[in-house]
Number of protein chains: 2
Amino acid sequence: VTNLAARSALLIQGEDLTIRQRVAHSALAAEGSMMTVEEFHAWFARHRRRVPSAVHRIDFDELVGWSFQPGTGNLAHDSGRFFSIEGVRAQVAEGPIREWTQPIINQPEIGILGILLKEFDGVLHCLMQAKMEPGNINVWQLSPTVQATKSNYTRVHGGSPVPYLDYFRAADPGQVVADVLQSEQGSWFYRKRNRNIVVETTQDVEVLEGFCWLSIGQLHRLLAIDDLINMDSRTVLSCLPFSGLGFAPSGPIDQAGPERFATAVVRSVSENGGSLHSAVQVLSWITEVRARTEVRTVGLDLAAVVGWTRHQDRISHTSGAFFDVMAVRVEAGGREVAGWTQPMIEPFGTGLIAFIVQRIGGVVHVLVNARVEPGYLDVIELAPTVQCTPENYRQLPAQAEPPFLAQVLRAPDADIRFDAMLSEEGGRMFRASNRYLIVETPGDQQLQVPDDFRWVTLHQLVALIRHSHYVNVQARSLTLCLHSLIGGWAP
Amino acid sequence: VTNLAARSALLIQGEDLTIRQRVAHSALAAEGSMMTVEEFHAWFARHRRRVPSAVHRIDFDELVGWSFQPGTGNLAHDSGRFFSIEGVRAQVAEGPIREWTQPIINQPEIGILGILLKEFDGVLHCLMQAKMEPGNINVWQLSPTVQATKSNYTRVHGGSPVPYLDYFRAADPGQVVADVLQSEQGSWFYRKRNRNIVVETTQDVEVLEGFCWLSIGQLHRLLAIDDLINMDSRTVLSCLPFSGLGFAPSGPIDQAGPERFATAVVRSVSENGGSLHSAVQVLSWITEVRARTEVRTVGLDLAAVVGWTRHQDRISHTSGAFFDVMAVRVEAGGREVAGWTQPMIEPFGTGLIAFIVQRIGGVVHVLVNARVEPGYLDVIELAPTVQCTPENYRQLPAQAEPPFLAQVLRAPDADIRFDAMLSEEGGRMFRASNRYLIVETPGDQQLQVPDDFRWVTLHQLVALIRHSHYVNVQARSLTLCLHSLIGGWAP
């Protein structure tokens, strides 16, 4: 077990660790008590082989229980539950494109994404699930203990009960570690939110087929593997109350090089880490951007969406860009129901989702962007420095490029702190995998920061993630990726 | 100057007071440096006499620049700016009435409510404005430094510039004390929000006609006077970073009686004051209520609203209850434009807006209610224990009564800690004045607390008010009223 020295340094701080310190302690546990990372890989591969599944593209008229509604043209389930594909009109006051309509997923029900925590050998472990989702690259990925829409867990489709659900729906308030409604992709979902909840239990927990206990440090290591830790796991883990170690790590300030980067990450997540802007200044900036940005979004019938064409098997933008609405048939084992059909969104191209970070006073700062997406409930959310599909810009003049895209693409290997392909929601998105990058800019390099960007610390991001409407799902994933680098810290 | 001992106790804590301590210091300043409360009353009366104004009810067809739009029936300004009277349909999953439509004010622009702070003789003072609003009881009330819609301050109607606006629009980030978008009445406004901002200046400020400097302690005293401190002042003042004194006040815990109540209020606003529920538990409760509460609201054309009748001079509910939409002509001096006409909302009856509070472990706790209103952006906001118009319930059976209404109405005088008539927004509401009450329940009296109610401390309310979507405008007013009682504290 690595990081023993780091964990000891934490433990000698006192016997009564706070939940924040216990989270840090688990984050430093590169191996857990229940299985090693190597054993996990063997278990996951075995599980995946044993539960075969297949996903096929189908025509819309092969959908069972789903149809285009008369009049509205919305693609909806006959029960009126689950979700539907509708339209949205967005109007913004600035930018090259001021008004557009598009298809969008309407899923007003609030689902539960829950991770159960339990201490083994003094280390918090997360109960994780090998889960099949039709849109997943590799079909199987690692998901939270519970990942269920309201239609799922109230069993609208008559499936089997959702395991472990009662740990979250009937949680003892004293055992709740985090609990917050968070948005998902505002370009694909109209105001969708899920309840991200983490609950600790001290009861005995039966480990069902397909579930396993991993330390946060193990999950951090697995995050570096392409398309393994699914989006729902990432967003729930990002809601944990990270707060550093409860003491200031030693080590020289502003020393360059990746080996001391972990120390600067620890400082960044600590309450007493110095931030460039105060908490009030960050909130005031968000308020100012929201007050000045004029965005109107109105739900539309899918039939009223302009510039999109419905084919036999897809609804596409006339330019061929952005995404398609399509449909799949799933033959699955190990899920609530044995097989089903459903519509999905298939985005084009591989997205680039990147934080530019910089050590300022020895503390890692992240450059976030206040971003408008039509599905957000409150105008803007904080997004990564870069969040786009680069190939969309290849044919366009350089000034159309998003800020900082070129800098991220041209970053030398020595400045790359994290680099992995991670999948978006496999229950609604068909093979949406993006490159998640964290790029460090040398501390002496002054960046021009436009007014819709700000440098914030990890501690400030963690504080904002306690509340809804602040940090978008891509930035929450990257916050987790950045935090995972404290695994490299040694006292 | 009273409270000198209290202020001295604060000052000896250190020379470098934080902004939170400086706010507390000003809150304890029962008199300010620029005028006494007595001088203020004389100044306000003089001002009111010198600037005559009159408000007349008119028929809708006497409105100038406003008309019912063809097709939609919406009552809107010909410029398309300011605000409009439209409709809303609300659907809830529970309760006696599950679906209704009603007229509602649509004001998508975000206005500025700003208070400028400046230190005189070491005490923060607020620049306040004697302002005429057509709906105000007494016509004139005391408003923030700036109270301006976007149409106002971008001068759509060609009025004069808004004084002091640049202190807020071009504020140095280091001088911003509070800055947050806050909702207004969700029964009357569809998703309206204003930017509540407090900025400190160290520059010389010219005091224009109609403006004056008052300490926070003076404003707290004036709050006890009926219909004087307007709603916009109250909501901005509630956003100040109150946090007690920075040290624990002495005095026995749980001693009954109003004379020690102020000590229990000081403890309640302090960071280290013990709370019944942790911050995570309060957030988790809010998340749980939002996830479980199914509310759908859809904007409608006013013409599509059912159960409301348009007369020559008003739009009324067929039952005669709730409110009317009506119109006024204003003849005014001292405002941006000399005279104008506009539609307004005239509510019926006098509302009761009450906090039940209790000393728990010597710390004042407030019983808040997670309340659905059709205009809220995020399902529920925390509301007072009681927020209703009691006369609406006189004809109904007892079980239709809102929880705790009878208890508040029957409270003995000895348990009443605050009692004043305070006006709602006089720019949109015609003579809407409500009774604001704070009633203490003896600590040994166990209250049955339904699941949509929780006991929270002032410190927890203040922390939530830093963010949007948490505390409704009535509860923010009452938070300020409760906080004003620390003026009675003596070390």
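Since we're looking at a predicted model, the values are computed, not measured. So that the names make sense, note that chain A is the first sequence line, chain B the second, and so on, each numbered from 1.
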| note | Looking only at A:Gly111, A:Gly299, A:Pro173, A:Gly174, the option with the highest number of non-hydrogen pairs under 4.5 Å against chain B is A:Pro173
| said: For A:Val379, which atoms come within 4.5 Å of any heavy atom of chain B: side chain, backbone, both, or neither? | reply: side chain
| field | Nearest heavy-atom neighbours spanning B:Leu237 and B:Phe242 | value | O-CE1, 3.5 Å
| query | Using non-hydrogen atoms only, which part of A:Ala171 is less than 4.5 Å away from chain B: side chain, backbone, both, or neither? | reply | neither
For a quick check, list the donor-acceptor atom pairs closer than 3.5 Å between chain A and chain B, or say none.
from     : atom 1 : to       : atom 2 : distance (Å)
A:Lys150 : NZ     : B:Ala291 : O      : 3.2
A:Lys150 : NZ     : B:Glu294 : OE2    : 3.2
A:Asp179 : O      : B:Thr287 : OG1    : 3.0
A:Asp179 : OD2    : B:Ser284 : OG     : 2.4
A:Arg193 : NH1    : B:Asp378 : OD1    : 3.2
A:Arg193 : NH1    : B:Asp378 : OD2    : 3.1
A:Arg193 : NH2    : B:Asp378 : OD1    : 2.4
A:Ser284 : OG     : B:Asp179 : OD2    : 2.4
A:Thr287 : OG1    : B:Asp179 : O      : 2.9
A:Ala291 : O      : B:Lys150 : NZ     : 3.2
A:Glu294 : OE2    : B:Lys150 : NZ     : 3.2
A:Asp378 : OD1    : B:Arg193 : NH1    : 3.2
A:Asp378 : OD1    : B:Arg193 : NH2    : 2.4
A:Asp378 : OD2    : B:Arg193 : NH1    : 3.1
A:Asp378 : OD2    : B:His469 : NE2    : 2.9
A:His467 : ND1    : B:Tyr470 : OH     : 2.7
A:His467 : NE2    : B:His467 : NE2    : 3.3
A:His469 : NE2    : B:Asp378 : OD2    : 2.8
A:Tyr470 : OH     : B:His467 : ND1    : 2.7

| Trace of the side-chain contact (heavy atoms from CB on, under 4.5 Å) decision for B:Leu117 with B:Cys126 | CA-CA 5 Å; B:Leu117 295 181; B:Cys126 303; 3.6 Å; yes
| task | List the steps, then state whether side-chain contact (heavy atoms from CB on, under 4.5 Å) holds for A:Leu377 with B:Leu377. | result | CA-CA 7 Å; A:Leu377 199 59; B:Leu377 199 59; 4.0 Å; yes
| Do A:Val368 and A:Leu461 have side chains that get closer than 4.5 Å, going by heavy atoms? | yes
| request: Test side-chain contact (heavy atoms from CB on, under 4.5 Å) on A:Val280 and B:Val177 and set out the steps. | output: CA-CA 7 Å; A:Val280 170; B:Val177 172; over 6 Å; no
| Quick one: CD1 on A:Ile85 to CD1 on A:Ile104, what's the gap to the nearest 0.5 Å? | 10.0 Å
| message | Please classify the contact of B:Val298 with chain A as side chain, backbone, both or neither, using a heavy-atom distance under 4.5 Å. | response | neither
| A:Pro241 portion near chain B, given a 4.5 angstrom heavy-atom threshold | neither
| query | Closest approach of A:Pro374 and A:Val88, non-hydrogen atoms and distance? | reply | CB-CG1, 4.4 Å
| request: Please assess A:Val180 against B:Leu283 for the test side-chain contact (heavy atoms from CB on, under 4.5 Å), listing each intermediate value before the final yes or no. | output: CA-CA 7 Å; A:Val180 56; B:Leu283 291 177; over 6 Å; no
